[in-house]
Amino acid sequence: MIRFVTVFIALAGIFAALPARAEPLRILALGDSLTAGYQLPPEAAFPVQLEAALKARGHDVIVINAGVSGDTTAAGLARLDWSLGEGADAVIVELGANDALRGLPTASARANLDKIVASLSERGIPVLLAGIAAPRNMGDEYVAEFERMYAEIAAEYDAILYPNFLEGIPISAETVLPDGIHPTQKGVAIIVEGILPKVEELIERAGAARG
């Protein structure tokens, strides 16, 4: 009995000395249909493909799909706290496309995005802000103001900027759905490839914030 207790205590000491395994880094993807995976199977959505790509590069991460089709910047702001849920180590913010498609004032979109990024920054959560190109039929002034707001908000809060979430996607049946707006599974793969370096920068910041 004494020998058993001695061995048990020794083993307990060994296990106690082992470093605790870190929990996977949780990245929240807060966005609209472009994040949610509109008309795509679940495994083809941006958060799922991004998580797979990051894991293939050795990152221990969970990418949470907080994309809601049709969301504007105002809707994203309204559900920010709920979307964070049990917490996130980093957040990708992809919002604004629906504001532009509806011709909503750039001042409103900017104010909403500013509040989202400010709130996350106040909580010490690193942010990757993904911009979107405004429809050219909105006029030069609207387009310039809309696209400029992403860079200015990112600079103000030291967020990481990815200027155009849809950058590099060719307009073809293989990469874009028949609506001419949303990416196919292959189109999403192009998005992931393009944004990956910025997400790895986000992971580096989140790791430093964890200590």
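Just so you know, these numbers use all the heavy atoms, side chains as well, and skip hydrogens, waters and symmetry mates. Note that the numbering runs from 1 along the sequence shown for the chain.
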Engineer: So, Q49 side chain and A44 main chain: donor-acceptor pair closer than 3.5 Å or not?
Structural biologist: yes

Engineer: Do you know the tightest heavy-atom contact between T184 and A173?
Structural biologist: CG2-O, 3.9 Å

Engineer: Are any non-hydrogen side-chain atoms of L166 and L34 less than 4.5 angstrom apart?
Structural biologist: yes

Engineer: Is there side-chain contact between N98 and L104, with at least one heavy-atom pair below 4.5 Å?
Structural biologist: no

Engineer: For residues 138-148, which residue pairs qualify under salt bridge (Lys or Arg N to Asp or Glu O under 4.0 Å), counting only residues two or more places apart or in two chains?
Structural biologist: R136-E147, R148-E152

Engineer: Would you mind reporting whether V127 and I160 have side-chain heavy atoms less than 4.5 Å apart?
Structural biologist: no

Engineer: Which word best sums up how the rings of Y150 and F146 line up, parallel for under 30°, tilted for 30 to 60°, or perpendicular for over 60°?
Structural biologist: perpendicular

Engineer: Who passes side chain to side chain donor-acceptor pair (under 3.5 Å) against H59, sequence neighbours left out?
Structural biologist: E200

Engineer: Could you tell me whether the side chain of N65 and the main chain of A36 form a donor-acceptor pair under 3.5 Å?
Structural biologist: yes

Engineer: Spell out, yes or no, whether V61 and L196 are grouped together once hydrophobic residues are joined by side-chain heavy atoms under 4.5 Å, including indirect joins.
Structural biologist: yes

Engineer: According to salt bridge (Lys or Arg N to Asp or Glu O under 4.0 Å), does anything in residues 71-83 pair up with another residue at least two apart or in another chain? List the pairs.
Structural biologist: D71-R79, D81-R123

Engineer: Tell me, yes or no, whether the heavy-atom count around E201 atom CD, taken from other residues, nucleotides or ligands under 6.0 Å, exceeds 12.
Structural biologist: yes

Engineer: Considering only heavy atoms from C-beta outward, does the side chain of I195 approach that of L128 to under 4.5 Å?
Structural biologist: yes

Engineer: By the salt bridge (Lys or Arg N to Asp or Glu O under 4.0 Å) test, which pairs, at least two apart or in different chains, include something from residues 24-53?
Structural biologist: E51-K55

Engineer: Look up atom CG in L28 and atom CG in L80, then write down how far apart they are to the nearest 0.5 Å.
Structural biologist: 8.0 Å

Engineer: As a quick check of understanding, evaluate side-chain contact (heavy atoms from CB on, under 4.5 Å) for L84 and V91, giving each step before the final call.
Structural biologist: CA-CA 9 Å; L84 286 169; V91 176; 4.1 Å; yes

Engineer: Any side-chain heavy-atom pair from V199 and P197 closer than 4.5 angstrom?
Structural biologist: no

Engineer: Is it the case that the side chains of Y38 and D179 hold a donor-acceptor pair, with the cut-off being a distance below 3.5 Å and no angle test?
Structural biologist: no

Engineer: Where do F165 and A130 come nearest, in terms of heavy atoms and distance?
Structural biologist: CD1-CB, 3.8 Å

Engineer: For the atom pair CZ (R57) and CD1 (I203), what is the distance rounded to the nearest 0.5 Å?
Structural biologist: 9.5 Å

Engineer: Let's go through V188 and V48 carefully: what are the C-alpha distance in whole Å and the side-chain angles of both, what is the deciding distance for side-chain contact (heavy atoms from CB on, under 4.5 Å) to 0.1 Å, and is it a yes or a no?
Structural biologist: CA-CA 10 Å; V188 173; V48 179; over 6 Å; no

Engineer: Any side-chain heavy-atom pair from I190 and P183 closer than 4.5 angstrom?
Structural biologist: no

Engineer: Ignoring hydrogens, what is the shortest heavy-atom contact between L30 and S83? Give both atom names and the distance.
Structural biologist: CD1-OG, 3.8 Å

Engineer: Membership question, hydrophobic clusters at under 4.5 Å side-chain separation (ILVMFWY): are I132 and V143 in the same one?
Structural biologist: no

Engineer: Given I92, which partner from the list T35, L129, L50 fulfils the side-chain contact (heavy atoms from CB on, under 4.5 Å) test?
Structural biologist: L50

Engineer: About how many Å separate OG of S33 and CD of E94, when rounded to the nearest 0.5 Å?
Structural biologist: 7.5 Å

Engineer: Considering only heavy atoms from C-beta outward, does the side chain of V176 approach that of S172 to under 4.5 Å?
Structural biologist: no

Engineer: Can you tell me which residue among D60, I27, L25 is in a side-chain contact (heavy atoms from CB on, under 4.5 Å) with L54?
Structural biologist: I27

Engineer: Applying the 4.5 Å side-chain criterion to the ILVMFWY set and letting contacts propagate, would L120 and W82 be lumped into a single cluster?
Structural biologist: no

Engineer: Are the side chains of F46 and V63 in contact, using a 4.5 Å heavy-atom criterion?
Structural biologist: no

Engineer: Partners of E174 by salt bridge (Lys or Arg N to Asp or Glu O under 4.0 Å), sequence neighbours excluded?
Structural biologist: K186

Engineer: For residues L101 and P135, report the shortest heavy-atom separation together with the two atoms involved.
Structural biologist: CD2-CG, 4.0 Å

Engineer: Is there a path of hydrophobic side-chain contacts, each under 4.5 Å between heavy atoms of I, L, V, M, F, W or Y residues, that connects V68 with I64?
Structural biologist: no

Engineer: Closest heavy-atom contact between G76 and L95?
Structural biologist: CA-CD1, 3.9 Å

Engineer: Once rounded to the nearest 0.5 Å, what's the spacing between atom CG of L177 and atom CG of L40?
Structural biologist: 6.0 Å

Engineer: Partners of Y162 by ring-ring contact (aromatic ring centres under 6.0 Å, His included), sequence neighbours excluded?
Structural biologist: none

Engineer: Restricting to non-hydrogen atoms, name the atom on G70 and the atom on R102 that form the minimum distance, rounded to 0.1 Å.
Structural biologist: O-NH2, 3.0 Å

Engineer: Rounded to the nearest 0.5 Å, how far does CG of D114 lie from CE of M149?
Structural biologist: 11.0 Å

Engineer: Considering only NZ, NE, NH1 and NH2 on the basic side and carboxylate oxygens on the acidic side, decide whether R110 and D99 come within less than 4.0 Å.
Structural biologist: no

Engineer: Consider only side-chain heavy atoms of I, L, V, M, F, W and Y, link residues closer than 4.5 Å, and tell whether V192 and L161 are in one cluster.
Structural biologist: yes

